[in-house]
Structure formats: structure tokens, C-alpha cells
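Data block below; observations after.
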Amino acid sequence: MSIEVLHVNKSFDTTPIVRDVSVKIETGELFVLLGASGSGKSTLLRLIAGLIELDSGTILLNDRDVTHLSPQQRGTGFVFQNYSLFRHMTVAQNIEFGLSIRKVKRLEREQRVNELLELIELQGYGNRYPAQLSGGQQQRVALARALAYQPNVLLLDEPFGALDVKIRVQLRQNLRAIQQRLGLTAILVTHDQEEAFDIADRIGIIDQGELLEVGAPDQLYRNPTHRFTATFLGTANLLDARRNGTNVYWGDVKIPAPANTEQFSGKPVEVLARPEEVALSCTRERAPGSIIGQGIVDSIAFAGPVLRVTVCLLSHDRKNLQVLLAPSDVRDQNIEVGQEVWVSLKEYHLLATNAE
């Protein structure tokens, strides 16, 4: 079932929360709404679910206008961050609750509960109460409850936010496997970039109620259109420059213009280089890519499988760049704090200076 949002707006009092949002989620797609707290992402999800009324716009589920229908009439499943399980009910009773109020026969309810307990890998837990479960187990029960009446659309509002890192990773991978197995169309709201990168088919970046851009995870990370996206997704080294002819000029530094950037010709731009796209070399001859100058290594910090290096450029107002290097690269070149190095860009991307 596809989901289409057309020019949707929502304000609380006089404050706009969702601003003219339009997007289409294809059947079977797992779409992630990614944004900071207060960006409007959860409000947009609740508008799609019918939990709150929109001010204007249209919401279509499988080309059916559901804008003014109740949540029950829309046939969507919703999973909250705080589980929202009934504490006085067993796991089985929680899962079958929606089926009970729809007057599904008892034997059919029991069969469905058993199927879902197996799906979420909690066989034998049907008679336990929520207080007897871990946080991760409770969230799996909440997911099973949302799936009980076989919705075509699954909506998840930061479902893993209250869990520790290890459990979050495991649960989101389980969710992805279940979503693909059932062929569900799903929207997941989160502020966690790693979570979005891990499971999303596409990501929508939302800020101050506006959906800025939509794309595949690698596309948004490598080739964002908006400056906000560039800085929100990971670390961004940004250099104020100008594209003229076939080159990009940053002060007295000249580097080749990336392919397919003719639209920026003669205009000020920002050069985006991710930390892993910046190289440090002890000699100019060893520098790969496009050299942008010399710098002094300011710090080296351990970051798991890589080292995070800060280098201060000797020119250009002593701008600091963040660099990610493999420990072997640092070791082979004997790079250390205080050392003078050549700085080059292996890859880079151009942003319009008015992209916000």
C-alpha cells in the first residue's frame, strides 16, 4: 500500500509545526523521517495515522483519500516509543486486544497470537505480564500488537529510543526483516542517523516542519542538496569557494570542478568533504587527489576502527578540518600531534551557498 502526503500543514496555536509537506512512499518501502527533536517528524506521522487533525492538505493510502477518516478506518498499525502496553494484561492479551474489539473469533485470535509470538521470537511468553519483560521484549510485543490485524501500513514513532545501543541494533534489524518478510509499507521516525542509514530504503530530512529533501541513504550523505542535510548527516568539512570554468577556487587554491556541476558555474559554492574523503600526507608527492594546502596536526583521537584527526590549515584563517584515518595510515606515515602535513581531498561535492 502506497502512502501519499500532499501539501499537508499543521499548526499548534499560531506556531507552524508541519509546513506544506508533500511526499510519496511506495508500496513495500521502509521510509525514515529523520530530524532533530522538535522538527515536526512525529507530528507528521500522527497526521498520517489520523491521531491528530491536519489544517490543510490531503493524505492518500493506496490512492484512497483518508484525510478525514478515523485511525481505525485507515487500517494503519502504530508503534509508540514508550510501548503503551496494558500493564494488567498478559502478552497474549495485549497482542490480541485489537482483534478482540474487532470481534474476531477466539480461535482465530489465538492462532494469530501464536503466529506473532513466533514472528517476534517470544514463543512461550504469552502468559507473562509486561513487568516481567525487558524493554526490548516489550517493544517487540508492541510491534506484534500493531501487526495483529494485518495492517498494510506500519507507522513507528522512535520505537527504539528508550533502549540501549546493543538492543537497538538488534531490534531494528529484526524490524527490517519482519517488514520485508510481510511486504509492509512502513514509516519510521527517528533522530538517530545510524538507525536511518541501517534500515531505510529512503530517508526524508525534516527541519522546522519542512521536508528538505528525500533520497537513498548514500545519496543524501555523499551528494546532499541542502546545507542542513550536509551538516546534520555526519561531520561536514565546508569550504567557501567559487566555481569558474572547469575549476573550483578556494582563495589561491584551485581544484577541478566535480562532474555535472555546471549549474554552479560562475557562482559561489561550498565544497563539502567528509572526514574520510580528506587525506593527510607527510610529503606533497604522496598526497592523493587535489591538494588544498599544508596544515598542522592539532589532535588525534581514538574512534574505534579509525582515528579522528583534527588538522589546522596554515593558510585560510587557520581553518580546522576533521579527518578520519585508518590506524595503519597514521602508523605508516608516523603522523603525530604537532606535525606539518599536506592536506588533500580525495572526493568532494559542491553545495549552493543558498541551500539551507
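- Closest of all the heavy-atom pairs between Leu99 and Ala148 is CD2-O, 3.7 Å.
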For side-chain contact (heavy atoms from CB on, under 4.5 Å), just list the numbers for Gln322 and Asn237, CA-CA rounded to whole Å, side-chain angles, deciding distance to a tenth of an Å, and then say yes or no.
-> CA-CA 7 Å; Gln322 297 295 316; Asn237 294 305; 4.0 Å; yes
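- A donor-acceptor pair is defined here as one N or O able to donate and one able to accept, closer than 3.5 Å; no such pair exists between the side chain of Arg242 and the backbone of Val269.
- Contact of the Gln339 side chain with the Cys282 side chain is registered, since non-hydrogen atoms from C-beta on lie closer than 4.5 Å.
- Around CD of Glu347, the count of heavy atoms belonging to other residues, nucleotides or ligands within 6.0 Å does not exceed 12.
- Residue Gly40 comes nearest to Val18 through the heavy atom pair O-CG2, 3.8 Å, listed as atom of the first residue, atom of the second, then distance.
- Within the 4.5 Å cutoff, the side chain of Gln139 has heavy atoms near those of the Leu171 side chain.
- The backbone N or O of Leu34 sits nowhere less than 3.5 Å from a side-chain atom of Thr190 that would complete a donor-acceptor pair.
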Where do Phe31 and Val214 land on the side-chain contact (heavy atoms from CB on, under 4.5 Å) test, with the steps shown first?
-> CA-CA 10 Å; Phe31 185 86; Val214 172; 3.7 Å; yes
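- Between Glu108 and Arg102 there is no salt bridge, since no side-chain nitrogen of the basic residue lies less than 4.0 Å from a carboxylate oxygen of the acidic one.
- Minimum interatomic distance between Leu212 and Phe228 (heavy atoms only, all atoms of both residues): CD1-CD2, 3.6 Å.
- The salt bridge (Lys or Arg N to Asp or Glu O under 4.0 Å) test applied to Arg176 returns Asp201, not counting sequence neighbours.
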Candidate pair Val271 and Trp250, rule side-chain contact (heavy atoms from CB on, under 4.5 Å), full reasoning = CA-CA 9 Å; Val271 177; Trp250 182 46; 5.9 Å; no
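- Proximity of a side-chain donor or acceptor of Lys41 to a complementary backbone N or O of Asp157 within less than 3.5 Å is not detected.
- A distance-only check finds no donor-acceptor pair linking the side chain of Glu158 to the backbone of Gln81 [under 3.5 Å].
- The backbone N or O of Tyr129 sits less than 3.5 Å from a side-chain atom of Gln132, completing a donor-acceptor pair.
- Contact annotation: the side chain of Val5 never approaches that of Ser22 to less than 4.5 Å [non-hydrogen atoms, C-beta and beyond].
- Contact annotation: the side chain of Leu239 never approaches that of Tyr348 to less than 4.5 Å [non-hydrogen atoms, C-beta and beyond].
- If you chain together hydrophobic residues whose side chains sit under 4.5 Å apart, Ile205 and Val189 never meet in one group.
- Below 30°, between 30° and 60°, or above 60°: for Phe78 and Phe80 the angle between ring planes is between 30° and 60°, a tilted geometry.
- The closest donor-acceptor contact from the side chain of Ser265 to the backbone of Glu262 lies at 3.5 Å or more, if one exists at all.
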Less than 3.5 Å apart, which donor and acceptor atoms pair up between the side chains of residues 294-302 and the rest of the protein, not counting sequence neighbours?
| from | atom 1 | to | atom 2 | distance (Å) |
| --- | --- | --- | --- | --- |
| Gln294 | NE2 | Glu340 | OE2 | 2.9 |
| Ser299 | OG | Thr310 | OG1 | 3.2 |

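- Residues Leu44 and Ile187 are not in side-chain contact: their nearest non-hydrogen atoms beyond the backbone lie 4.5 Å or more apart.
- Every residue two or more places apart in sequence or in another chain that forms a ring pair (Phe, Tyr, Trp, His ring centres under 6.0 Å) with Phe97 is listed here: Phe86.
- The pair Glu29-Lys24 does not meet the salt-bridge criterion, since no charged nitrogen lies less than 4.0 angstrom from a carboxylate oxygen.
- Panel note: side chain Arg308, backbone Ala303; no donor-acceptor pair is recorded below 3.5 Å.
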Given the rule in the side-chain hydrogen bond (donor to acceptor under 3.5 Å, both in side chains) test, do Thr229 and Glu213 qualify, once you have shown the distances and angles that lead to the verdict?
-> CA-CA 8 Å; Thr229 304; Glu213 58 182 311; 2.7 Å; yes
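- Judged as a salt bridge (Lys or Arg N to Asp or Glu O under 4.0 Å), and not counting sequence neighbours, the contacts of Glu115 are Arg112.
- Of all heavy-atom pairs between Asp20 and His7, the closest is OD1-ND1, 2.9 Å.
- Atom CD of Gln208 sits in a sparse spot, with 12 or fewer heavy atoms from other residues, nucleotides or ligands closer than 6.0 Å.
- Counting only heavy atoms from C-beta outward, the side chains of Leu188 and Leu175 approach each other to under 4.5 Å.
- Checked by atom type and distance alone, the side chain of Arg227 never pairs as donor or acceptor with a backbone atom of Leu351 at under 3.5 Å.
- Under the 4.5 Å side-chain heavy-atom criterion for ILVMFWY residues, a single connected hydrophobic cluster contains both Ile255 and Val341.
- At least one side-chain heavy atom of Leu272 sits less than 4.5 Å from a side-chain heavy atom of Pro224.
- Heavy-atom neighbours of Glu194 CD from other residues, nucleotides or ligands within 6.0 Å: at or below the threshold of 12.
- Looking only at atom types and distance, the side chain of Thr67 has a donor-acceptor partner in the side chain of Asp65 under 3.5 Å away.
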Could you pull out every donor-acceptor pair under 3.5 Å between side chains of residues 48-61 and any protein atom, sequence neighbours left out?
| from | atom 1 | to | atom 2 | distance (Å) |
| --- | --- | --- | --- | --- |
| Asp55 | OD2 | Ser11 | N | 2.6 |
| Ser56 | OG | Asn9 | ND2 | 3.2 |

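- Each of His349, Arg243, Lys267 was checked for a side chain to side chain donor-acceptor pair (under 3.5 Å) with Thr261, and the lone residue meeting it is Arg243.
- Contact record, Leu163 with Arg168: O-NH1, 2.8 Å, taken as the closest heavy-atom pair.
- The backbone N or O of Glu110 sits less than 3.5 Å from a side-chain atom of Asn114, completing a donor-acceptor pair.
- Counting non-hydrogen atoms of neighbouring residues, nucleotides and ligands closer than 6.0 angstrom, the CG atom of Asp332 exceeds 12 such neighbours.
- Contact annotation: the side chain of Val278 approaches that of Val343 to within less than 4.5 Å [non-hydrogen atoms, C-beta and beyond].
- Evaluation of the side-chain contact (heavy atoms from CB on, under 4.5 Å) rule for Ala186 yields Leu30, Leu154, Leu156, Gln179 as partners, not counting sequence neighbours.
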Do Ile25 and Val153 pass the side-chain contact (heavy atoms from CB on, under 4.5 Å) test, and can you show the C-alpha distance, the side-chain angles, and the key distance before you say yes or no?
-> CA-CA 10 Å; Ile25 294 93; Val153 170; over 6 Å; no
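- Listed here is the closest heavy atom pair of Leu325 and Ile335: CD1-CD1, 4.1 Å.
- Between the Arg145 side chain and the Gly98 main chain, no donor and acceptor come within less than 3.5 Å of each other.
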